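A quick write-up on the structure given underneath.
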Amino acid sequence: MEGWVTWRSCHRTSWSVARRYLSASPAPPASPPSAVTRFLLRLRQQFYDVEQLMTWSATFRNRAVRRKNLFYGFAQQNYGDNIAAAYYILSLKGSFRFAGQTEWFQPDARGKFSFDFMNFPTSMIEEVDLSGTPINRDGLDNLVSQLHLRRLSLRGCPEVDGWFLTRLHMFSDSLEELDISHCPRITVGALCALQHLRKLHRLNMSSIPSLQNPGLVRILMEEMLPHCLVTGAEYSQGLSLEDTTQTITTHSSTDPGAQPQEEESGQTSAKRQGQMQ
């Protein structure tokens, strides 16, 4: 009996040792991933890198735009409002013309410009061309003192939006011509901010991507600014044939120059009928 107990305890001990050995042995090596799995993993990593790169690019771009549109307070305090505004325009690679002069100040192809404009500290700016520049609503703080601004071109400016157009009310007593063509961030609601420009005589709103019905928008702008010539959009753009015919008929009936032509046509047809008889 004692031998049986000894053999049983030895058997248990050997089995526990073997079980610990098996549990501690390394697992069999995993099979390598398939070609499809490796392709998907690589594709996910590449898209993640592209997304991260785009995020960094947008962040750096926004910082650069804010830096370029900072308020030039040092130039304003030391050289006056007009010189500070002129320097801001040239720093954005824009051009301008002083009131009473025919010469335009503008940078060269590399963005370099002459400082001859500093010889006219008392002259105010009358025309500004900022086409394709990164000007935004904050940058208008550098132009708020130019109360004689008559013409402003913002053609293709990517940062011009509704908030920007709202701030143009500061030029309501002077601005006569405005070019906002090819500005991708302008919407129909943003155009309503132009109603404060009482002296606006010419508005170019061609090729604005967000306008689904440019013809209808032109009609609305002409109603809102009755003394302004709106260009860049035909009445037929975005309208159906029935709406276009009705619009042309309405404008023809309200056009005072169209009535004599109709009367003349009627008289001519009457004369022709008399001759035939």
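Excluded from the calculations below are hydrogen atoms, water molecules and symmetry mates; all remaining heavy atoms, backbone and side chain alike, are included. The structure presented is a predicted model; accordingly, all values stated were derived computationally and were not measured.
Counting heavy atoms from C-beta outward, M118 and Y79 have side chains that approach closer than 4.5 Å. Side-chain contact between Y88 and N69: present, with at least one pair of heavy atoms (C-beta onward) separated by less than 4.5 Å. For the pair F96 and L90, the minimum side-chain heavy-atom distance is below 4.5 Å. The shortest distance between side-chain heavy atoms of I89 and I125 falls below 4.5 Å.
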* Assess whether side chain to side chain contact (heavy atoms under 4.5 Å, CB included) is satisfied between Y87 and N142, documenting all intermediate values. => CA-CA 9 Å; Y87 182 75; N142 296 286; over 6 Å; no
* Asked: Would E126 and Q101 satisfy side chain to side chain contact (heavy atoms under 4.5 Å, CB included), going step by step from the backbone distance to the final call?
  -> CA-CA 9 Å; E126 189 174 63; Q101 299 184 13; over 6 Å; no
* To do: Would you please test L168 and L152 for side chain to side chain contact (heavy atoms under 4.5 Å, CB included) and show each step?
  => CA-CA 10 Å; L168 290 181; L152 176 61; 4.0 Å; yes
* Would you please test I180 and L191 for side chain to side chain contact (heavy atoms under 4.5 Å, CB included) and show each step? => CA-CA 10 Å; I180 55 174; L191 293 174; 3.5 Å; yes
* Stepwise, does the salt bridge (Lys or Arg N to Asp or Glu O under 4.0 Å) test hold for D129 with R151? -> CA-CA 8 Å; D129 186 359; R151 297 180 179 89; over 6 Å; no
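Taking both residues in full, the closest heavy atoms of N82 and Q146 are given as OD1-NE2, 3.1 Å, listed atom of the first, atom of the second, then distance. Minimum interatomic distance between C157 and P184 (heavy atoms only, all atoms of both residues): O-CD, 3.9 Å. For L147 against S174, the heavy-atom pair with the smallest separation is O-CB, 3.1 Å. Closest approach of L143 to A85, counting heavy atoms only: CD2-CB, 4.0 Å. In this structure, R167 and L140 approach most closely via the heavy-atom pair CB-CD1, 3.7 Å. Nearest heavy atom pair, residue Y72 against residue A84, reads O-CB, 4.1 Å.
Among pairs with a residue in residues 117-139, those fulfilling ring pair (Phe, Tyr, Trp, His ring centres under 6.0 Å) read F98-F120, F115-F117, at least two apart in sequence or across chains.
Residue-environment remark: CZ (F113) exceeds the threshold of 12 foreign heavy atoms within 6.0 Å.
Atom OG1 of residue T187 and atom CG of residue D161 lie 8.5 Å apart, to the nearest 0.5 angstrom. Note: R185 CZ to N136 CG = 9.0 Å, rounded to the nearest 0.5 Å. Between the CD atom in E223 and the CZ atom in R218 there is a gap of 12.5 Å [rounded to 0.5 Å]. Here the straight-line distance linking atom CG of N204 with atom CZ of R155 works out to 7.0 Å at 0.5 Å rounding. In this structure, the separation between CG on L229 and NE2 on H201 is 11.0 Å, given to the nearest 0.5 Å. H227 NE2 to E176 CD: the interatomic distance, rounded to the nearest 0.5 Å, is 13.5 Å.
Paired with S153 under the rule side-chain hydrogen bond (donor to acceptor under 3.5 Å, both in side chains), one option of S131, S181, S95 passes, and it is S131. The side-chain contact (heavy atoms from CB on, under 4.5 Å) with V230 is formed by just one residue from the set E222, R202, M224; it is E222.
Scanning for side-chain hydrogen bond (donor to acceptor under 3.5 Å, both in side chains) contacts around Q76 gives D81, with sequence neighbours left out.
Residues V188 and L165 share a single hydrophobic cluster, defined by chaining ILVMFWY side chains whose heavy atoms lie under 4.5 Å apart. Under the 4.5 Å side-chain heavy-atom criterion for ILVMFWY residues, no single connected hydrophobic cluster contains both I219 and M221. Following chains of ILVMFWY side-chain contacts shorter than 4.5 Å, one cannot reach W163 starting from V144, and the two form parts of different hydrophobic clusters. A continuous path of hydrophobic side-chain contacts links L154 to M170 [ILVMFWY only; heavy atoms under 4.5 Å]. There is no path of hydrophobic side-chain contacts, each under 4.5 Å, that joins Y235 to V217.
Using a 4.0 Å cut-off between charged nitrogen and carboxylate oxygen, D173 and R198 count as a salt-bridge pair.
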